[in-house]
Amino acid sequence: MSTTTQAVVPRPGFLARRQRSYILFIVPALVVVGAVIVFPWLFTVWMSAFDWKIGSVPHFIGFDNYIKLATNQRFHEAIVHTLYFTALAVIVPLILGTIAALIFHREFPLRGLLRSIFTMPMMATPVAVALVWTMMFHPQQGVLNYLLSLVGLPPSLWVYSPTLVIPSLVLVEVWHWTPLVMLIVLGGLAALPIEPYESARLDGATEWQLFRYITFPLVAPFIVVAAVIRTIDAIKAFDTIYVISSGGPGTASETINLYLYLQAFAFYNVGNASAVVVVFFVLILALAMLLLYVRQRAKWT
Amino acid sequence: MSSVALPSHSTLARRGRHRRVLRKIGFWFSVVVIVSPAILVFLWMLSLSLKNELDNSAYPPVFIPSPPTLSNFVQVFKDNSMGLYFWNSVVVSGLGTLIALVVGIPAGYGIARAQAHKFTVLILIARMTPALSYLIPLFTVFQFLGLNNTLTALVITHLVITVPIVVYIMAGYFETLPKELEEAALIDGGSVWTTFRYVALPLARPGIVVGTILSFIFSWNNFVFGAVLAGRATRTLPAAVYNVLTFEQLAWGPLAAAAIVVTLPVLLLTIIIQKEIVVGLTAGGVKGA
């Protein structure tokens, strides 16, 4: 662009006017985004200052909703469940996805077809996936307990057990989203240079050493990107948890999102739910910042 | 001395060959381990949908339907107005995507050419926000306007999903287009609008295809908007599959059939844009990595 504009020497004001017309292109989208995205954000903050139940007159109560949340045991547990679920649902897909990427990075027959099959879960409708897993988790007739019995293991209660429900839900999440991690890391592997490998092989490096000292540091930024995306998606997980366990048994798998849903659409307590949204959003932002900071560090070292 | 310690040439060669064969077996074993969960869950879903109720509740499970039956599919369409819910989904995701394209393609162009990156940041934060949190304020407003249980409310809410994804993909795509042609058109006296309409837009067709399909898929897959905002007759497919089928009939066959009806269109669309999906799903993360 710079060469053309220099060669022609535009009239004064020409570029500024063009800049303004480009802004006009954005206006319709800005209006829509303002109405359905920015307005809900602001309205949420506004509602969070009220004792607001659908169908009754809202009362202004200032920070009371937040103060109540600070001492709300159930909300605290929801935060713990969310962090536990998120940690597992980030780490396991990262490890498996990286391994899968290393496998699919090699040349082998039917690679394209097998890769397509491997990535299928990623786009499948979460509710449909959740329904099938619900049937698979069934303690009496479920296919998973049958598979366990084939290898001589005792049947499990899966999502009906308070201690196993979160790991079981993570299993679905891992199945669903490992392909995305694989694709991101695969993109990183495709961009790797060949030379370091050749010289390292000449020096007699083992496959493990090649991975540990060349491949891993070079794809680490991509793994961090996958970690950021996975964290944001895992913390927001709702559909599969809601359909499979609805936060149960009891409140054993009630994440912030589930708690939020119940407050807003089962008890219609939108003021309190809005305060939860604000806290939740701050938590997401903090996690995203933390990961971006880690990503910067990973780049420097 | 060294000749004593070293194994003979032929033993070495044999051992090398063995190791290669072992490594190959190990490699294919890992391929099977990593791919089979993906395919098995879908096959199980298919198997459940094609079996009669007796086989579906049998233990140990029956894997191959014999004989396969389509009665589960017939049942969900006949008894549960799946046709209506399917149409609702098509309308909501279709209109949501159409509006997103109308406002999002020019916006993407404007962002790319005016370097308006603040808007991109806004879009990224929008993506990070849980969908549920938009629902509470929108639900309250729709309640006030009497719009709850209407398709209009659903289409408006789905813009939360479709507009950011289209804007994001189009801005990225227009940035990759060479500016020289547009510069030439502008210098020849074309307005910014005609340059966009006749030079940039035709070139952006591949980006538009990806944006359209991804926006449609994400909107189609959304469950919670339909579950909260829709009435009995306006439910989208994912909401209907959960609300109607799970509570009114616990039979596995029809449930699995319904799950296939919901997810099959998405899987078919996915095949068209295989390679570009990752761009849409990572929306922002990968850029600048």
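The chains referred to below are lettered A, B, ... by the order of the sequence lines, with proteins before strands, and numbering in each begins at 1.
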_Ring geometry between B/Trp44 and B/Phe63 (parallel below 30°, tilted from 30 to 60°, perpendicular above 60°)_ =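 Rings of B/Phe63 and B/Trp44: tilted, 30 to 60°.
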*asked:* Using the ring pair (Phe, Tyr, Trp, His ring centres under 6.0 Å) criterion, which residues pair with A/Phe238? Sequence neighbours excluded.
replied: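 A/Phe238 satisfies ring pair (Phe, Tyr, Trp, His ring centres under 6.0 Å) with A/Tyr242, A/Tyr261 once adjacent residues are dropped.
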Tell me, out of [options], who's got the most heavy-atom pairs with chain A below 4.5 Å.
options	result
B/Phe139, B/Trp220, B/Trp193, B/Phe144	B/Phe139
B/Val266, B/Leu132, B/Val35, B/Val160	B/Leu132
B/Val228, B/Val163, B/Leu267	B/Val228
B/Val262, B/Leu138, B/Leu159, B/Thr129	B/Thr129
B/Thr157, B/Ile125, B/Ile156, B/Leu269	B/Ile125
B/Val167, B/Ile260, B/Leu135, B/Asn222	B/Leu135

*Should we say atom CZ of A/Arg111 is surrounded by more than 12 heavy atoms from elsewhere, each under 6.0 Å from it?*
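Above 12, so yes.
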*Heavy atoms of other groups near B/Trp28 CH2, more than 12 under 6.0 Å*: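 For B/Trp28, atom CH2 is crowded (more than 12 foreign heavy atoms under 6.0 Å).
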In terms of heavy-atom pairs under 4.5 Å with chain B, which of [options] leads?
options	result
A/Val127, A/Val27, A/Val38, A/Val31	A/Val127
A/Phe265, A/Phe43, A/Phe104, A/Phe108	A/Phe265
A/His176, A/Arg106, A/His138	A/Arg106
A/Asn257, A/Leu285, A/Thr119	A/Asn257
A/Phe39, A/Trp46, A/Trp175	A/Trp175
A/Met136, A/Met47, A/Lys236	A/Lys236

*Could you tell me whether a side-chain N or O of A/Asn145 sits under 3.5 Å from a main-chain N or O of A/Pro139, the two making a donor and an acceptor?*
yes
_Test your reading of the model: is there a side-chain donor-acceptor pair from B/Thr162 to the backbone of B/Ala100, 3.5 Å cut-off?_
no
Sort [X] into side chain, backbone, both or neither according to what part of it lies under 4.5 angstrom from a heavy atom of chain B.
X	value
A/Val270	both
A/Leu30	both
A/Thr178	neither
A/Val36	both
A/Met120	both
A/Pro109	both
A/Ile117	both
A/Val278	neither
A/Phe281	side chain
A/Ala124	both
A/Val228	neither
A/Ile54	side chain
A/Trp133	side chain

For [X], is it the side chain, the backbone, both or neither that has a heavy atom under 4.5 Å from a heavy atom of chain A?
X	answer
B/Leu122	both
B/Ala126	both
B/Pro164	side chain
B/Phe119	side chain

Can you find a heavy atom in the side chain of [X] that is under 4.5 Å from one in the side chain of [Y]?
X	Y	result
A/Val33	B/Val103	no
B/His158	B/Ile161	yes
B/Arg127	A/Asp233	yes
B/Phe196	B/Leu201	yes
B/Arg113	B/Val192	no
A/Arg115	A/Leu186	yes
B/Val41	A/Val132	yes
A/Phe280	A/Ile235	yes

*Distance-only donor-acceptor check, side chains B/Ser219 and B/Ser93, under 3.5 Å*: yes
*Taking atom types as modelled, find out whether B/Gln143 and A/Tyr268 have a side-chain donor-acceptor pair closer than 3.5 angstrom.*
no
*asked:* To the nearest 0.5 Å, what is the distance between CD1 on B/Ile34 and CG on A/Leu96?
replied: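 One finds 6.0 Å between CD1 of B/Ile34 and CG of A/Leu96.
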